[in-house]
Amino acid sequence: MHTITLFISDMTCGGCANAVTKVLLALPGVVKAEVSHVEAKAEVSYDPGQVTPEQLKAAIANAGYGVTN
């Protein structure tokens with residue numbers, strides 16, 4: 001398992017954090033996603049054999065949020 005911290009922009013409330021969490025957990029290989037709109041970040045534990053950091057970022061971007069790091 002690997003863990004990555006992704007910094008996310010455009011989250012304004014807990015609902016945004018919940019939406020990002022759902023998008024991340026829907027990806028194969030993601031086992032844990034802790035998202036905070038207050039800290040503007042997501043800590044994601046994933047299996048690198050099933051999903052890449054680029055795919056995590058793309059999923060967040062497709063949900064309408066910015067990703068930096």
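What you see is a predicted model, and the numbers here were worked out from it, not measured in a lab.
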Engineer: For residues 15-25, which residue pairs pass the side chain to side chain donor-acceptor pair (under 3.5 Å) check, not counting sequence neighbours?
Structural biologist: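 Not a single pair qualifies under side chain to side chain donor-acceptor pair (under 3.5 Å).
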Engineer: Mind jotting down which residue pairs meet the salt bridge (charged side-chain N to carboxylate O under 4.0 Å, His left out) criterion with at least one end in residues 53-69? Sequence neighbours excluded, please.
Structural biologist: none
Engineer: Run the side-chain contact (heavy atoms from CB on, under 4.5 Å) test against Ala58 and tell me which residues pass, sequence neighbours left out.
Structural biologist: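 side-chain contact (heavy atoms from CB on, under 4.5 Å) check on Ala58 returns nothing, list empty.
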Engineer: Tell me the closest heavy-atom pair linking Ile4 and Pro53, and the distance in Å.
Structural biologist: CD1-CB, 3.8 Å
Engineer: Output all residues satisfying side-chain contact (heavy atoms from CB on, under 4.5 Å) with Asp47, sequence neighbours left out; order by chain, then residue number.
Structural biologist: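 Scan of Asp47 (side-chain contact (heavy atoms from CB on, under 4.5 Å), adjacent residues dropped) gives Met1, Gln50.
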Engineer: Which pair of non-hydrogen atoms, one from Asp10 and one from Cys16, has the smallest distance, and what is that distance?
Structural biologist: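 Taking Asp10 first and Cys16 second, the nearest heavy atoms are O-SG, 4.5 Å.
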Engineer: With clusters defined by side-chain heavy atoms of hydrophobic residues (ILVMFWY) lying less than 4.5 Å apart, directly or transitively, does Val51 cluster with Leu25?
Structural biologist: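 Yes, Leu25 connects to Val51 through the hydrophobic network.
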Engineer: How far apart are the closest heavy atoms of Val35 and Ala42, and which atoms are they?
Structural biologist: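 Nearest heavy atoms, Val35 then Ala42: CG2-CB, 3.8 Å.
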Engineer: Val23 and Tyr46: same hydrophobic cluster, using ILVMFWY side-chain contacts below 4.5 Å?
Structural biologist: no
Engineer: Where is the tightest heavy-atom contact between His37 and Ala17, given as atom of each residue plus distance?
Structural biologist: N-CB, 4.0 Å
Engineer: Please identify each residue that fulfils side-chain hydrogen bond (donor to acceptor under 3.5 Å, both in side chains) with Thr5, with sequence neighbours left out.
Structural biologist: Glu43
Engineer: How long is the straight-line distance from CD1 of Ile60 back to CG of Leu24, given to the nearest 0.5 Å?
Structural biologist: 4.5 Å
Engineer: To the nearest 0.5 Å, what is the distance between CD1 on Ile8 and OG on Ser36?
Structural biologist: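 The CD1 atom of Ile8 sits 9.5 Å away from the OG atom of Ser36.
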Engineer: Just jot down the side-chain hydrogen bond (donor to acceptor under 3.5 Å, both in side chains) partners of Lys32, sequence neighbours excluded, or say none.
Structural biologist: Glu34
Engineer: Which atoms form the tightest heavy-atom contact between Tyr65 and Ala19, and what is the distance?
Structural biologist: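 What the structure gives for the nearest pair is OH-CB, 4.1 Å.
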Engineer: Please report the shortest heavy-atom distance between Leu6 and Val44, naming the atom on each side.
Structural biologist: CD1-CG2, 4.5 Å
